[in-house]
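Beneath this line is the structure, given in structure tokens, with notes to follow.
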Protein chains: 2
Amino acid sequence: MPDDAQVTRRPGGRTAHTRERVLSAVAAILTEEGFDAVSVDAVAARSRVHRTTVYRRWRDPGGLLADALDAAREQAWEPPDTGSLRGDLTAVNAQVIEALTGRPPVTTALIAASFRSPAAAHALRAFWEDRYARAAVVVTRAIARGDAAPDADPRAVLVAATAPLFHELALMRAPAAPGLAERYAALAAAAALGG
Amino acid sequence: MPDDAQVTRRPGGRTAHTRERVLSAVAAILTEEGFDAVSVDAVAARSRVHRTTVYRRWRDPGGLLADALDAAREQAWEPPDTGSLRGDLTAVNAQVIEALTGRPPVTTALIAASFRSPAAAHALRAFWEDRYARAAVVVTRAIARGDAAPDADPRAVLVAATAPLFHELALMRAPAAPGLAERYAALAAAAALGG
DNA sequence: TCGTTAATGCTACATCCGTCGCGTTAACGA
DNA sequence: TCGTTAACGCGACGGATGTAGCATTAACGA
């Protein structure tokens, strides 16, 4: 088996079409039946791509979900700018809540898959690190405005605002209570001001 | 099949002994091989309890882990009292970090199992709700001391302090950086003071 | 102590999951 | 256009997982 450095990939026509069919099947199954139903066999049947192909290219459900996340990430994300740190964090939190409660439930599926699939774990972490890095500007803007202490750590503030949502919604499986986005955004904004 | 209301259970000798052997095997496998290795077959083999019995009583790995958590919970937990909210939250966080990084990795195993097993999901949520309820006193003490605003929500403060640890360590699989317990404890304590 | 039956062990079975080796199709660059 | 071979499809296989029905053991209360 030649290693990757010596193989010329064929990303064109058929291969791209196969990927599209498979990822479309993943999204459909996720939306209609939830993440437990995303298996290689189910995706293969739905997409009419042979199951051996799915195993070879994606390895397991986590690989499928990670690729679905990659495909969705092709659209650039920019953090909100509402004029206040509290407003920005509330808006970020609203997006997290939408991701955790909306359809298709990609984030929850990836979290679940991440415990069994290195590909899913890696995709999830990279996604979140990217989001936190991009969102850091909401804290640096707040510092410039005097809305946050000069020594406030942007990443820690963002994690403090968003992590409770993952904990409450994904891990504790609580319903999304009204005001949830605002509650932890307000606490994180107050923390950023207090140092 | 008579329903549960009409069945007289036999919790004695053999049944208790079976449970003990099984839960001991769960702990051993978790400690030595990690949560992926906790399967019904592995536990059955290790404990010398027949696999059918394990399926019938515990249903799946999640059920085994949930029962392991129940057994461990028979020791009462009390929140720390260090004299300051920041200190208390730091101590609580240190315990969460120990649970997430120490051996046996019960919490991480339960989180993983909770996506496939209602019993695990339920046990995890009940455990955390109990912990948050018991720990609420650290915030009410802080309010009485003037260490926190009178309108600080104890549960939200506790979630804000601890959730980042689950996010960083369990979901993002980051290493436990030095000062992690203190960092999010300090932010939550500042948030509690700022309202 | 005895009768009832919950709890357990055993064997067999079906389905799902993952892999293998071979044949076929089609994506490339020359 | 042609040759090479990556990508895909197919059928077969073995192991893991979960269930069903029957037999055996032992936990209860009377």
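We name chains A, B, ... by the order of the sequence lines, and we start the count at 1 in each one.
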Is a salt bridge present between A:Glu168 and B:Arg155, judged by a nitrogen-to-oxygen distance below 4.0 Å? yes
Look at the side-chain N and O atoms of A:Thr18 and state whether any lies under 4.0 Å from the OP1 or OP2 oxygen of D:dC8. yes
Out of D:dT17, C:dG9, C:dC17, minimum distance to the side chain of B:Tyr55 belongs to D:dT17
Does B:Arg51 make a side-chain N or O approach to OP1 or OP2 of D:dG18 shorter than 4.0 Å? no
Under 4.0 Å between a Lys/Arg side-chain N and an Asp/Glu carboxylate O for B:Asp147 and B:Arg141? no
Atom-to-atom span, NE2 of B:His17 to P of C:dG9 - whole angstrom: 11 Å
Nearest-Å distance for atom pair CG/C1', residues A:Asp36 and D:dG18: 15 Å
Any salt bridge linking A:Asp67 with A:Arg57? Criterion: basic side-chain nitrogen under 4.0 Å from a carboxylate oxygen. no
Heavy-atom closest contact (B:Leu171 atom, A:Phe166 atom, distance): CD1-CB, 4.2 Å
Tell me whether the OP1 or OP2 atom of D:dC10 has a side-chain N or O from A:His50 closer than 4.0 Å. yes
How would nucleotides 20-30 of chain D be written as a contact map, 5' to 3', with B for base contact, S for sugar-phosphate-only contact and - for no contact, using protein heavy atoms under 4.0 Å? BB---BBBS--
If D:dC8 has a Watson-Crick or G-U wobble mate with both distances under 3.5 Å, name it; if not, just say none. C:dG23
Taking pairing as Watson-Crick or G-U wobble with both contacts under 3.5 Å, can you name the mate of C:dC10, or confirm there isn't one? D:dG21
Salt-bridge criterion met for A:Arg103 and A:Glu32 (N-O under 4.0 Å): no
For B:Thr90 and B:Ala181, which heavy atoms make the closest approach, and how far apart are they? O-CB, 3.9 Å
With nearest nucleotide decided by heavy atoms, which residue, B:Arg59 or A:Val49, maps closer to the 5′ end of DNA chain D? A:Val49
Could you state the atom-to-atom distance from CG of A:Asp41 to C1' of D:dA16 in whole Å? 14 Å
